[in-house]
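Counting starts at 1 for both ligands and their atoms, in listed order. The figures here come from the full heavy-atom set of this structure, side chains too, leaving out hydrogens, waters and symmetry mates. If you're wondering where the values come from, they're calculated on a predicted model, not measured in any experiment.
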Amino acid sequence: MSRIPERIHLAAPHMTGMEQFFIKEAFDTNWIAPLGPNVDGFENEVAEYVGVNHALALNSGTAAIHLALRVLDVGPGDVVFCPSLTFVASANPILYQGAEPVFIDSEPETWNMSPLALETALEDAVMVGRLPKAVIVVNLYGQSAKIEEIMELCAQYGVPVIEDAAESLGSSYKGRPSGSFGHFGIFSFNGNKIITTSGGGMLVSDDAEAMAYARHLSTQAKDPAPYYQHSEMGYNYRMSNIVAGIGRAQMKVLDKRVRQKRRIFKRYEHSLMDVPELFFQPEAKDSLHNRWLSTLLIDETCGLKPLDLVDALALENIEARPVWKPLHLQPLFEDCNYYPHTQAESISASLFEQGVCLPSGTAMTEKDQDRVIHAVRAYVGGAVEKKQAT
Ligand SMILES: *Cc1c(COP(=O)(O)O)cnc(C)c1O
């Protein structure tokens with residue numbers, strides 16, 4: 001019997017050791033709640049890093065998207081555009097607001113929202129007199145969308161943009177930090193993200209008034225009165241002072257994590273370069289990709305499916321995942337409208353048919369990564385050979 005090798009996770013939390021300092025300080029001063037200096041510090045540090053005027057620390061990235069939609073007054077009868085190829089958290093808040101998502105396909109260069117499909121959708125929206133109340137753009141796996149083109153299009157139609165940068169903290173486009181382009185940007189500090197607070201999120205914007213309103217809504221929308229008075233519905237969405245302490249330590253290593261993630265990607269790419277069936281997610285022109293997850297495509301013509309590779313790696317106790325299943329293909333959204341990249345091509349569907357995310361945790365050792373590389377090579381090579389023999 002061979003020993004089961006140790007589990008290699010997709011993207012395990014990677015602590016620095018400094019987290020305890022900020023947590024201890026919070027305990028020592030009994031600043032467990034509410035809010036507190038770690039929350040203020042974390043907000044300031046993220047705002048400064050991203051280059052925006054205001055940041056609001058929240059208990060999830062999903063809450064940040066929800067608040068952005070609420071502040072933009074999205075409600076029943078409204079339409080919000082959202083990429084199809086993303087995590088469901090990008091779109092769920094549209095449903096929270098009783099609005100209707102319309103899904104936009106990806107383009108092949110960045111895998112993100114297709115400006116071509118977006119333009120068609122906007123033209124159609126004008127025709128029926130129902131422009132979207134907001135457009136959510138996602139920077140998938142850390143790669144910036146074609147954000148300039150998208151911002152320009154949306155400005156042309158006067159539609160505000162929410163940049164879902166949950167996966168792209170530390171990335172940039174033409175040197176400008178990811179998350180700073182939209183009217184609102186959102187980040188996530190969920191356990192598997194490039195930095196984590198164990199769970200949390202952030203809303204950022206230069207719009208002081210909108211951010212003050214979001215702050216108000218995030219703490220049960222309490223009126224400025226000497227007693228508890230409320231004029232509208234609010235939420236309990238704030239981040240705790242303990243959790244923010246973890247974030248402050250993690251921010252100190254963000255740039256280092258980006259370098260580590262990029263190194264992991266380069267090693268995969270270099271080591272598997274000679275496997276003709278595999279293609280890695282390219283780094284788009286003008287952008288710095290944080291390589292949150294190293295992602296590749298398996299050439300459709302070789303007959304192997306993403307789940308074949310995911311299952312084969314699972315047998316070696318290695319956690320890999322297929323790329324996000326497009327939202328327009330989800331039972332939850334089966335009645336929603338979808339705009340493909342072109343009449344002939346649905347890019348998100350084809351990326352889903354071929355895409356796999358490999359383990360990309362920054363705490364992974366080179367030896368661990370070699371195990372992954374070896375397993376991928378052995379499986380893909382063997383399976384293709386078998387297919388050719390039959
Ligand atoms: C993780 C993620 C979110 C949600 O963040 P949470 O903090 O888990 O709520 C939203 N959008 C994308 C693209 C994500 O990857």
For [atom], what is the nearest protein heavy atom, given as residue, atom name and distance?
{"atom": "atom 15 (O) of ligand 1", "answer": "E167 OE2, 2.5 Å"}
{"atom": "atom 5 (O) of ligand 1", "answer": "S188 OG, 3.2 Å"}
{"atom": "atom 9 (O) of ligand 1", "answer": "T62 OG1, 2.5 Å"}
{"atom": "atom 11 (N) of ligand 1", "answer": "D164 OD2, 2.8 Å"}

For [X], take its heavy atoms, then give the atoms of ligand 1 lying under 4.0 Å from any of them.
{"X": "T86", "value": "13 (C)"}
{"X": "G61", "value": "5 (O), 6 (P), 7 (O), 9 (O)"}
{"X": "G200", "value": "7 (O)"}

Please determine if [X] and [Y] form a salt bridge, counting it only when a charged side-chain N lies under 4.0 Å from a carboxylate O.
{"X": "E269", "Y": "R291", "answer": "no"}
{"X": "R248", "Y": "E45", "answer": "yes"}
{"X": "E100", "Y": "R130", "answer": "yes"}
{"X": "R238", "Y": "E43", "answer": "yes"}

Decide if the gap between the ring center of F42 and the ring center of F189 is smaller than 6.0 angstrom. yes
Is the distance from the ring center of H328 to that of Y338 below 6.0 Å?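 So the answer is yes for these two rings.
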Compare P93, A166, A64 and give the one whose heavy atom is closest to atom 12 (C) of ligand 1. A166
Can you find an N or O of A89 that's nearer than 3.5 Å to an N or O of ligand 1? no
Just distances here: any N/O of K193 and N/O of ligand 1 closer than 3.5 Å?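 Looking only at distances, the answer is yes, because the N/O contact criterion of under 3.5 Å is met.
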Residues two or more places apart in sequence or in another chain: which of them pass ring-ring contact (aromatic ring centres under 6.0 Å, His included) with F21? none
Within the structure, is a non-hydrogen atom of S90 found at a distance of less than 4.0 Å from ligand 1? yes
side-chain hydrogen bond (donor to acceptor under 3.5 Å, both in side chains) partners of N30, counting only residues at least two apart: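 Expected list: none.
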